[in-house]
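Report on one structure; see the data block that follows.
All values reported here derive from a predicted model rather than from experimental measurement. Below, read A as the first sequence line, B as the second, and so on, with proteins coming before strands; counting in each chain starts at 1.
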Amino acid sequence: MAKQKTAIEPTRAEDYPEWYQAVIKAADMAENSDVRGCMVIKPWGYGIWENMQKALDAKFKATGHENAYFPLFIPLSFLEKEAEHVDGFAKECAVVTHHRLEPNESGGLKPAGQLEEPLVVRPTSETIIGAAFSRWVQSHRDLPILINQWCNVVRWELRTRMFLRTAEFLWQEGHTVHATSEEAWIETRRMLDVYADFAENHMAMPVIKGEKTSGERFPGAVSTLTIEAMMQDRKALQSGTSHFLGQNFAKAQDIKFQSETEEVRYAWTTSWGLSTRMVGALIMTHGDDDGLVLPPRLAPKQIVIMPIFKTDDEKSRVLSYCETLQRELADQNYHGQPLEVVVDRRDMRGGEKKWFHIKRGVPIRLEIGPRDINENKVFFARRDTGESGSLDRNEFVKSVITILDNIQQTLYDRALKLRQENSREINSLEEFIEFFTPKNLQRPEIHGGFALCPFVDSPEVTEICKQHKVTIRCIPFNQEKYPGNCIFTGQKTVDRAIFAKAY
RNA sequence: CGGGGCGUGGCGCAGUCUGGCUAGCGCGUCUGGUUUGGGACCAGAAGGUCGAAGGUUCGAAUCCUUUCGCCCCGACCA
């Protein structure tokens with residue numbers, strides 16, 4: 001086979017969505033399943049998710065949360081209780097109406113035993129968890145309740161993309177109950193900070209924290225906070241949301257408590273979630289034209305060692321050298337975890353093996369043959385920069401953690417640079433349209449980015465944006481407030497929001 | 001749910017308009033050999049009731065009818 005220029009065809013610049021699919025395939029992360037809109041997550045993809053879970057779960061525990069598990073099925077009547085919530089999710093619910101199968105006329109099976117009340121497969125669990133909370137909360141002494149659940153949810157999407165939007169996806173959903181509005185607000189903010197910390201320090205993905213506009217808010221929430229990241233095609237990806245639910249759900253579900261002053265009060269609730277969509281975010285933030293590039297802190301394996309030998313004599317010598325090296329590396333503490341090091345002993349061509357690991361994004365590759373052993377060296381290659389060369393074996397072992405941290409940082413810096421280069425303030429509708437219109441309408445090139453624009457939060461603005469296929473991502477926190485005119489309506493305002501095309 | 005496209009060995013496709021030898025090709029897989037610090041080469045092999053059902057015909061992957069599924073573009077959305 002002729003040598004290709006890049007491992008992935010097409011390249012990002014040629015066709016970004018196709019490239020995305022190709023990376024998932026080349027890195028063996030997931031595949032389409034026999035069920036429409038649902039995917040099979042394969043070990044390499046699932047390993048990344050497991051590392052995300054591990055990191056997040058530790059942060060949830062550190063902030064006082066406990067894990068619990070609630071049913072997959074929600075009685076239809078529960079969902080009906082919060083009006084906005086119903087509106088938001090009704091169109092995408094899978095519904096169980098029968099509980100039995102029996103033979104049909106043509107030798108197949110047909111549903112039988114119709115349920116008295118249909119069960120909805122959870123699209124999110126506010127209602128079923130709220131019902132439990134209403135039993136659990138009696139006194140102010142029961143508060144706060146800080147619960148997290150790792151589970152799957154189903155949203156019957158019309159169009160799906162692997163990891164980014166599938167009919168079934170894996171996530172965590174936190175649900176908390178508080179005595180006061182202030183406490184609930186602090187929780188909402190705290191968990192957004194946890195998400196941002198996770199995104200930036202584990203995923204090496206810079207994010208912008210902010211508040212959603214009314215049109216983009218979670219159905220039933222008083223306020224939705226979000227972290228937004230820029231992918232390499234300059235589109236935005238909502239990466240985690242934290243909702244201040246006020247007393248909306250407490251009132252709908254009767255979550256009340258008796259206060260110190262013996263008054264009966266409705267509680268204040270929050271919810272927050274982050275999903276396997278983050279695996280997609282990882283691909284689109286760091287991947288390159290040779291495949292996946294993993295930040296070391298989330299890589300299922302940080303280092304792969306490839307033994308190189310010809311004769312049986314060499315084989316045993318090289319393998320034992322590799323195994324000793326593997327042990328020494330695996331003994332090291334990498335951010336509280338042992339380093340994950342694998343010796344790839346598979347009997348296949350060296351070149352093929354090398355590309356196998358490049359496509360899967362393993363951060364560090366070591367190739368070790370008799371020559372390296374004689375000189376007490378290792379041949380070393382970094383996935384992020386492609387940099388490679390011979391290193392003294394002991395020096396490498398000593399500096400490996402520093403190198404991994406450097407890779408992590410390099411990935412973050414690169415992603416931040418991309419975002420900065422493609423973000424700007426825009427103060428006129430004309431410039432806005434120019435920014436978001438590709439030069440080639442037939443085959444749109446990568447264009448646009450994040451535009452910070454003065455605006456007023458109104459349905460009218462949302463409507464204009466829609467015409468240009470742009471969405472309001474968020475009103476960023478900590479931004480300077482100064483007078484301007486809404487670029488859509490001309491009204492005076494001090495608010496600015498980030499606008500972008502989005503996934 | 002509207003518009004377009006596609007179902008042919010594990011994967012990617014050709015063949016369909018204009019019905020006709022034993023349904024081809026590339027990649028992958030298996031076996032043997034030669035190679036070996038690099039996505040190798042040679043030889044051989046396995047693997048398909050052409051999405052499904054019915055019809056027309058001496059003869060159907062190809063024509064007709066029905067049906068199922070998937071993909072893309074919209075609308076909707078984490």
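- Nucleic acid contact for A:E92: sugar-phosphate only, since backbone atoms but no base atoms lie under 4.0 Å from a heavy atom of the residue.
- Checking A:R36 against A:T241, the closest nucleotide of RNA chain B that is more toward the 5' end is the one next to A:R36.
- No N or O donor and acceptor, one from the side chain of A:R165 and one from the base of B:rA78, sit under 3.5 Å apart.
- When heavy atoms are screened at a 4.0 angstrom cut-off, A:K212 is found touching no nucleic acid atom at all.
- Comparing B:rG54 with B:rG44, their C1' atoms are spaced 43 Å from each other, to the whole Å.
- No side-chain N or O of A:S458 forms a donor-acceptor pair with one of A:E460 less than 3.5 Å apart.
- When rounded to the nearest whole Å, the span between CZ of A:R161 and P of B:rC77 equals 17 Å.
- When each of A:D392, A:L325, A:I364, A:D372 is tested with A:V378 by the rule side chain to side chain contact (heavy atoms under 4.5 Å, CB included), just one qualifies, namely A:L325.
- Listed by chain and residue number, A:E328 satisfy the salt bridge (charged side-chain N to carboxylate O under 4.0 Å, His left out) test with A:R393 (two or more places apart in sequence, or in another chain).
- Checking B:rG39, B:rC76, B:rG37 against the side-chain heavy atoms of A:F379 singles out B:rG37 as nearest.
- A salt bridge does not link A:R371 with A:E314: every distance from a Lys NZ or Arg NE/NH1/NH2 to an Asp or Glu carboxylate oxygen is 4.0 Å or more.
- A gap of 23 Å separates the P atoms of B:rA45 and B:rC11, to the nearest Å.
- The separation between A:N32 atom CG and B:rC72 atom C1' is 13 Å, rounded to whole Å.
- Atom name P, nucleotides B:rG7 and B:rC41: the rounded distance is 30 Å, in whole Å.
- Rounded to the nearest Å, the gap between the P atom of B:rU29 and that of B:rU66 is 44 Å.
- Atom CD of A:E18 and atom P of B:rG12 are 12 Å apart (whole Å).
- For the OP1/OP2 pair of B:rC11 and a distance below 4.0 Å, the side-chain nitrogens and oxygens of A:K25 include no atom meeting the criterion.
- Rounding to whole angstrom units, CG of residue A:D15 and P of B:rC72 are separated by 12 Å.
- Looking at every heavy atom in both residues, A:Q253 comes nearest to A:A131 through NE2-N, 3.6 Å.
- If you check every strand for non-hydrogen atoms under 4.0 Å, A:F169 touches a base.
- With both ends at atom P, the span from B:rG28 to B:rC64 equals 38 Å, rounded to whole Å.
- One atom, CD of A:E314, and another, P of B:rU36, lie 12 Å apart when rounded to the nearest Å.
- At the phosphate of B:rA40, OP1 or OP2 sits under 4.0 Å from a side-chain N or O atom of A:R349.
- The separation between A:M348 atom CE and B:rC30 atom P is 11 Å, rounded to whole Å.
- Nearest to the side chain of A:S275, among B:rA78, B:rC76, B:rG37, sits B:rA78.
- The 12-atom threshold is exceeded at CH2 of A:W150, counting heavy atoms of other residues, nucleotides or ligands nearer than 6.0 Å.
- For the P atoms, the distance linking B:rG5 with B:rC42 amounts to 41 Å, nearest Å.
- Stem analysis of RNA chain B (Watson-Crick or G-U pairs, both distances under 3.5 Å, runs of at least three) returns B:1-7 with B:68-74, B:10-13 with B:24-27, B:29-34 with B:40-45, B:51-55 with B:63-67.
- Between A:I373 and A:L164, the residue anchored nearer the 5' end of RNA chain B, judged by the nucleotide with its closest heavy atom, is A:I373.
- Residues A:T188 and A:S242 have side chains that never bring a donor and an acceptor to within less than 3.5 angstrom of each other.
- With hydrogens and angles disregarded, no donor-acceptor distance shorter than 3.5 Å links the side chain of A:R12 to the backbone of A:D233.
- In this structure, CD of A:Q467 is placed 12 Å from P of B:rA75, rounded to the nearest angstrom.
- One finds a salt bridge joining A:R383 and A:D288 here, because a Lys/Arg side-chain nitrogen approaches an Asp/Glu carboxylate oxygen to under 4.0 Å.
- Residue A:R277 has its side chain nearest to B:rA78 when only B:rC77, B:rA78, B:rU36 are considered.
- B:rC13 and B:rG48 have their C1' atoms separated by 14 Å, with the value rounded to a whole Å.
- Nucleic acid contact for A:P370: base, since at least one base atom lies under 4.0 Å from a heavy atom of the residue.
- Atom-to-atom, CG of A:L237 to P of B:rC77 comes out at 16 Å; the value is rounded to the nearest Å.
- A:D312 CG: 12 or fewer foreign heavy atoms inside a 6.0 Å radius.
- Within 4.0 Å (heavy atoms only), A:T311 reaches no atom of the nucleic acid at all.
- Annotation: B:rA75 and B:rG15 have their C1' atoms spaced 38 Å apart (nearest Å).
- Side-chain proximity of A:K91 to the nucleotides B:rG74, B:rG37, B:rC76 is greatest for B:rC76.
- In the set B:rC77, B:rA78, B:rU36, B:rU36 carries the atom at the smallest distance from any side-chain atom of A:K310.
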